[in-house]
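Since we're looking at a predicted model, the values are computed, not measured.
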Amino acid sequence: MGTREDRAELLGFTPQKEIVYNLLLPYAERLDRESNELLAQIKSSLGRAVHLRELWPGVLFWSRKLNTYIRLYGRKFSKEDHVLFVKLLYELVTIPKLEISMMQGFARLLISLLKKKELLSREDLQLPWRPLYDMLERILYSKTEHLGLNWFPNSYRPGLSSTKTIVLNVLRRCSVEGVLKTLVKACRPYFPDDATAEMLEEWRPLLCPFDVIMQKAISYFELFLPTSLPPELHHKGFRLWFDELMGLWLSVQNLPQWEGHLVNLFARLANDNIGYIDWDPYIPKVFTRVLRSLNLPVGSSQVIVPRQIANAYDIGHAVIWITAMMGGPGKTVQQHLTGLFNSIASFYHPSNNGRWLSKLMKLLQRLPCCVVRRLHRERYKKPSWLTPVPDSHKLSDQDVTDFVQSVMQPVLLAMFSKTGSLEAAQALQNLALMRPELVIPPVLERTYPAMETLTEPHQLTATLSCVIGVARSLVAGGRWFPEGPTHMLPLLMRALPGVDPNDFSKCMITFQFIATFSTLVPLVDCSSVLQERNDLSEVERELCSASAEFEDFVLQFMDRCFALIESSALEQTREETETEKMTHVESLVELGLSSTFSTILTQCSKDIFKVALEKVFNFAVSNIFETRVSGRMVADLCRAAVKCCPVDSLKLFLPHCCSVITQLTSNEDVLREEELDKELLWNLQLLSEITRVDGEKLLPYKDQLVKILQQTLHFTCKQGYSLSCNLLHHLLRSSTLIYPTEYCSVPGGFNKPLSEYFPINDWGRAGNLWNLNIKWHVPSAEEIEFAYYLLDNFLRPELDKLYRYGSGELEMSRDDVQQCLTIVHNCLTGSGNLLPPLKGERVSHLVTSLVSLDETKLFTGIDYDYSRENYRESIAKTLRKLLHYILDNSEDDTKSLFLIIKIISDLLQFRGSHKHEFDSRWKSFTLVKKSMENRLQGKKRHIRALLIDRVMLQHELRTLTVEGCAYKTVHRDLVRDLLRLSTSSYGQVRSKAQQAFFTALGTYNFCCRDIIPLVLEYIHPDRQDVTQQQFKGALYCLLGNHGAVCLANLHDWECIVQTWPAIVSSGLSKAMSLEKPSIVRLFDDLAEKIHRQYETIGLDFSVPESCLQIAVLLQLSQKPSNHAELPPPDLLALALKKQEEKNAESVRHYERLIDTLLDCVTQRNLPWKFEHIGIGFLSLLLRDDNVLPLGAVRYLVQCLNHDALVVRKMAISTVAGILKQLKRPHVKVPICPYETSDCPKPNTIMAGDRDDNLWIHYNSVNLPKTKEMWESCHFVEKTHWGYYTWPK
């Protein structure tokens, strides 16, 4: 893996921080060249796009590519480039008139560049704070948003406020606000030294507790004030404001809204400067306020909940503050903390429940986590430019022990809480990292009795989930708690009765429990070592003799599983008439069962494995299972066994299954039977599952397997041929995919003689990232040969049949067509990794750009073989012919159409793994990682199996990175076919096709521009031949699903100019009928979605000069560089001209859109609903940088007395916006408050009434009653000015 120096030599620069998992991939040696080429291309193209002032599509396209680059390789660029990227994006984000959706994109990218702040110090980078402040002021405190002159991705939209919109608005408000605030947080460490003084000067005048403006001032302070300055600059940092704001906090008693923000600021300050502030005088106050803000009911039975419940402190920040004050010479914080927990411990009792409980639980979960984080920072973290904690204030071992003791009592009570034991388990996990000997024994004391009782299942699930949390600390033992590991076997043996078919939650937690422990421990019988060695410690001797029980445990576990399987067979659990599919609960049990079993077998020694294999084999062979539920579970167990040790297991299973199947299919009539023999189905199912193993080990059996496929692939019985297709699919996948072949917790497994290797040393051992020794399966030439042999023999004949059927030469029944399509689909998904992507011409003329917009090709481990037939292309050709034939002749064959839709979406996307599977795997990986990680030491000390999993996910991420693909003619044809299916006469066909259609739209660059006119064809009022179903399908295509693009509302003038008028005038279409509720609902949803998602589209796309200078530096940057020339002066002049043209064209589009909408709305026989939709669209088009055209103003003013209430309401709010556009600016005169009041400027800050602000007070003695007095009066419009200080 190499040191930093080696990497620098290889790459030509020292990478900031790359994703280390890339170096473990089987094709790692090719990635450095690939990433350097990509980075060089991104640098030159992004720089060039900015230099040529082309925000869209150039800058947007290449900034997305940079985002993808970070996802694939981490921050794999030099420090110089890192700084350039940050500076360029900072300039782009702060362009004043930038369209909001672009701003959000750039901001997210900038956040991910600045996320790891230890990579760039204050010397490397400084960012001004004012541009960010101006941006927040413009967007979060917009003066025109409430009048509808600016639509941010969250604005309140009058006229449309169903509960759904309100909820969504709350979520979206968070989106833009959240992005902006996170951006400020990321930039905060790099504000210049003098920033604090400037900020105080800017926001002090706003401090007036009698005015709502106070909230704004304090939240700005919380967001912007830098707290991570080095100690020598503290006089320019927090010392300027600490006493002032602390005094403010101490003086308020009524929990105003802004107090929470102040607490967040102090928490951050304390955390960034541990040991530099003396908190002792304030500690009692802090704890009193925290206790008060928990809102606990005390005393009387009927508690009046104060209205400030919403203003209570954020527990997360309060916990950070308390943690940062711990340690140091005085022990005051720990005393107060003990007092706090003593006083609230009884509230954790499981019989107490109330709305305050979630806060208490959060406190309990966050506090140990924070202390662990602080310990990690003080003892294990790599030092960086951030201020370290001085030795005098580091937490001592005694501090940690005191802390753990003070928290234990409430945690043990919270284990059995009514809200579940999750928070307690997380708290115990962190506490056990610090002091296992104090934490684990009391938990075990509660666990053993819970395992004995049968009547209290909740007690068992709660204790087991807590033991899972402390599992790693328990098994590792270590110097604090050496007797920990001896508890493991008794716990495992007693957990076995939990595998109970009647109690689902108990069953699942037991599986998780057994899997967790067996991942951590090699299940090897070491009892023979006792005779050979006499240098073992007491604990080791005990463990050796206990390990003789492992075999017993594995066999008992298997018996339990078999009982579980037998009781969940279909005959047992269903009536005759019910469904045959697995229920959700059954599929979860299946997953838990198979993953636990495979974990156990992975961790077994060879001897135990042989016994277990024998037992599984006998169970599978001696019974015949139905294939829906119990059969799937048994097949999973067999697959787990075969995966762990393919050679021995295949020798046992494969010949047996093959001989049974051959024997049962020897009679020709079997092929044509509608219902197949159960034994035959079961053996087929078993065979199809056990072939999901290392492809290389299957090669010796290939002739037998091919023979089985020939006998079974063309059964008449659907269940039969589906299982056979599964077999084909798994054979192809096993031999063509790249995957790790073992997940053992120690590299190399446990099959060494005990004299050389002592497994007890590896109990609870973490995997070593630098020595993982992953064994990969990479397809060999033989396996690829075998895969192509399968495709040639089983796929080509089906394609030929379908082609002839599509040409009308061959008669086929529907069942036969479905069978052919099933085989084609399974071949495609089996070999998706092997087949090169579709080729074709790029569809040009969709957009014009001065920079290249090429797709990036990532290497995913296979060099495509272009000499062979590309089956992807032949499938595409055959399918299109077949699809058109079916649509013309037998459109009601919906089952075939479903299969065709699946195949089309896989032709376009599939490269070996599906996105949804990847997402759920990533989720479960994160969950397991969280439940077993060691936050104290950090440094990726996970279990080996987890690290291997993460490397595999990295490989899959590469195969799934498809966004930004070139849109070629092949794709265009397939997407148009999907559009035709999306407007079919059958509802289910439409909805399935639409999902595939939306996914495709999100994948290819700019294909929406090609498709929109085709969709709008269906709703054109002049078309006579459109059916209602096609009309409905087209509307759904415009609407989009909740994650995907909404065609009706792309943020682009050229598209909106087409879609909005088309939607309004579709009211005149023949196919439109307001009698159909589904169509009415669709139009409502469309209008609502457009209102909800519309963001003001920019009219001004100019790029300021400051960006251009950085863009030039970025293009010139070396290492890596692709030596592109800087654009010549004539091209730069052309670019400037194009930018001006684009701005002018945007204004033209804007005016044209309003004129067209007015024409649509004023059509004579337009139904009322469409008039309302049209007026709604017009109201969205108000802007603060362009006055509404005259015709629209006249029309909206006429609408003020329209006969429909909805229209009047919309017109009122719109006309208010128009008046704001036309408002004349007021004349303002600057005055000096000190001259007006004849007072000198005070030296210190004094809030409240002073001599220099008396002149703006209301005084009943001299009211301006005469003209002269009125003229001489000074008016100040803002009520809060002068209360604290005057603004400059």
Side-chain angles (χ1 to χ4, degrees), residues 116-118 121-122 185 188-189 191 196 221-222 225-243 245-246 249 262-287 289-290 313-338 340 363 366-404 406-407 430-431 433-435 935-938:
K116 303 208 178 307
K117 52 178 183 240
E118 54 275 8
S121 69
R122 290 173 58 83
K185 277 178 200 152
R188 200 165 50 203
F191 289 157
T196 308
F221 280 143
E222 181 214 351
L225 283 175
T227 48
S228 52
L229 292 170
E232 63 275 9
L233 288 174
H234 280 175
H235 64 282
K236 286 188 165 183
F238 71 87
R239 297 247 181 273
L240 293 175
W241 52 263
F242 179 68
D243 297 329
L245 291 184
M246 200 71 199
W249 181 67
L262 216 47
V263 170
N264 302 352
L265 175 62
F266 291 140
R268 173 158 64 89
L269 175 71
N271 194 33
D272 286 345
N273 302 290
I274 297 177
Y276 290 97
I277 302 175
D278 176 22
W279 289 104
D280 286 352
Y282 310 113
I283 285 171
K285 204 75 177 168
V286 173
F287 277 94
R289 295 266 173 119
V290 169
Y313 299 165
D314 174 15
I315 290 291
H317 284 95
V319 163
I320 292 176
W321 194 3
I322 293 173
T323 314
M325 297 190 297
M326 285 165 69
K331 295 267 179 278
T332 26
V333 175
Q334 186 54 55
Q335 288 159 11
H336 278 87
L337 198 55
T338 312
L340 176 73
L363 175 72
R366 291 286 176 86
L367 198 58
C369 174
C370 258
V371 177
V372 165
R373 198 179 296 147
R374 178 167 166 192
L375 275 174
H376 169 71
R377 169 177 159 189
E378 290 175 4
R379 299 182 183 183
Y380 297 98
K381 202 171 178 180
K382 228 171 49 185
S384 67
W385 63 275
L386 296 159
T387 315
V389 180
D391 289 342
S392 59
H393 281 73
K394 285 186 177 167
L395 293 177
S396 65
D397 285 348
Q398 186 55 45
D399 290 336
V400 176
T401 309
D402 293 343
F403 168 71
V404 173
S406 67
V407 191
N430 283 316
L431 292 169
L433 288 175
M434 298 187 278
R435 288 289 174 272
R935 291 298 289 271
L936 185 59
Q937 293 177 326

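Inter-residue side-chain proximity for N264 and R268 is flagged as unmet; no heavy-atom pair is nearer than 4.5 Å. By the 4.5 Å heavy-atom criterion applied to side chains, D397 and R435 are counted as neighbours. V333 places a side-chain heavy atom less than 4.5 Å from the side chain of I283. Contact annotation: the side chain of I322 approaches that of F287 to within less than 4.5 Å [non-hydrogen atoms, C-beta and beyond]. Side-chain atoms of L265 and W249, non-hydrogen and from C-beta on, never get closer than 4.5 Å to each other.
In this structure, the side chain to side chain donor-acceptor pair (under 3.5 Å) partners of H234, at least two apart in sequence or on a different chain, are N273. Not a single salt bridge (charged side-chain N to carboxylate O under 4.0 Å, His left out) links R373 to another residue, sequence neighbours left out. Residues passing the salt bridge (charged side-chain N to carboxylate O under 4.0 Å, His left out) test with K331 are D399, sequence neighbours excluded. Taking the salt bridge (charged side-chain N to carboxylate O under 4.0 Å, His left out) definition, one finds that K236 meets it with D194, sequence neighbours left out. In terms of the side-chain contact (heavy atoms from CB on, under 4.5 Å) criterion, residue partners of N271 (sequence neighbours excluded) are, by chain and number, I274, I320, A324, R377. With sequence neighbours excluded, the residues that form a side-chain contact (heavy atoms from CB on, under 4.5 Å) with P230 are R122, E232, L233. Legend: residues meeting side chain to side chain donor-acceptor pair (under 3.5 Å) with R366, ordered by chain and number and at least two apart, are absent. For T387, there are no side chain to side chain donor-acceptor pair (under 3.5 Å) partners two or more places apart in sequence or in a different chain. Qualifying side chain to side chain donor-acceptor pair (under 3.5 Å) partners for K117, counting only residues two or more places apart in sequence or in other chains: none. With sequence neighbours left out, the side-chain contact (heavy atoms from CB on, under 4.5 Å) criterion links E118 to K116, S384. With sequence neighbours left out, R188 forms a salt bridge (charged side-chain N to carboxylate O under 4.0 Å, His left out) with no residue at all.
N430 approaches P368 most closely through the heavy-atom pair CB-CB, 3.9 Å. A pairwise comparison of heavy atoms in D402 and Q334 identifies O-NE2, 3.6 Å as the closest pair. Residue T323 comes nearest to R374 through the heavy atom pair O-NH1, 2.8 Å, listed as atom of the first residue, atom of the second, then distance. Closest approach of L245 to L262, counting heavy atoms only: O-CD2, 4.0 Å. Closest of all the heavy-atom pairs between A318 and V290 is CB-CG2, 4.2 Å.
The distance from atom NZ of K381 to atom CG of L386, rounded to the nearest 0.5 Å, is 7.0 Å. The distance from atom OG of S406 to atom CD of Q335, rounded to the nearest 0.5 Å, is 11.5 Å. Distance check: F191 CZ to S228 OG gives 10.5 Å after rounding to the nearest 0.5 Å. With rounding to the nearest 0.5 Å, the separation of CD in E378 from OG in S396 is 10.0 Å. Rounding to the nearest 0.5 angstrom, the gap separating the NZ atom in K285 from the CE atom in M246 is 10.0 Å.
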* Asked: Going through the distances and angles, do L375 and L433 end up as a side-chain contact (heavy atoms from CB on, under 4.5 Å)?
  -> CA-CA 11 Å; L375 275 174; L433 288 175; over 6 Å; no
* Do L367 and L337 pass the side-chain contact (heavy atoms from CB on, under 4.5 Å) test, and can you show the C-alpha distance, the side-chain angles, and the key distance before you say yes or no? -> CA-CA 11 Å; L367 198 58; L337 198 55; 4.1 Å; yes
* Where do F403 and L431 land on the side-chain contact (heavy atoms from CB on, under 4.5 Å) test, with the steps shown first? -> CA-CA 9 Å; F403 168 71; L431 292 169; 4.0 Å; yes
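Ring planes of F242 and F238: perpendicular class, angle over 60° (limits at 30 and 60°).
Among L395, V400, V319, the single residue meeting the side-chain contact (heavy atoms from CB on, under 4.5 Å) criterion with V371 is L395.
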Which atom pairs, donor and acceptor, lie under 3.5 Å between side-chain atoms of residues 275-282 and protein residues at least two apart or in another chain?
residue, atom, partner, partner atom, Å
D278, OD1, D280, N, 3.2
D280, OD1, T332, OG1, 3.4

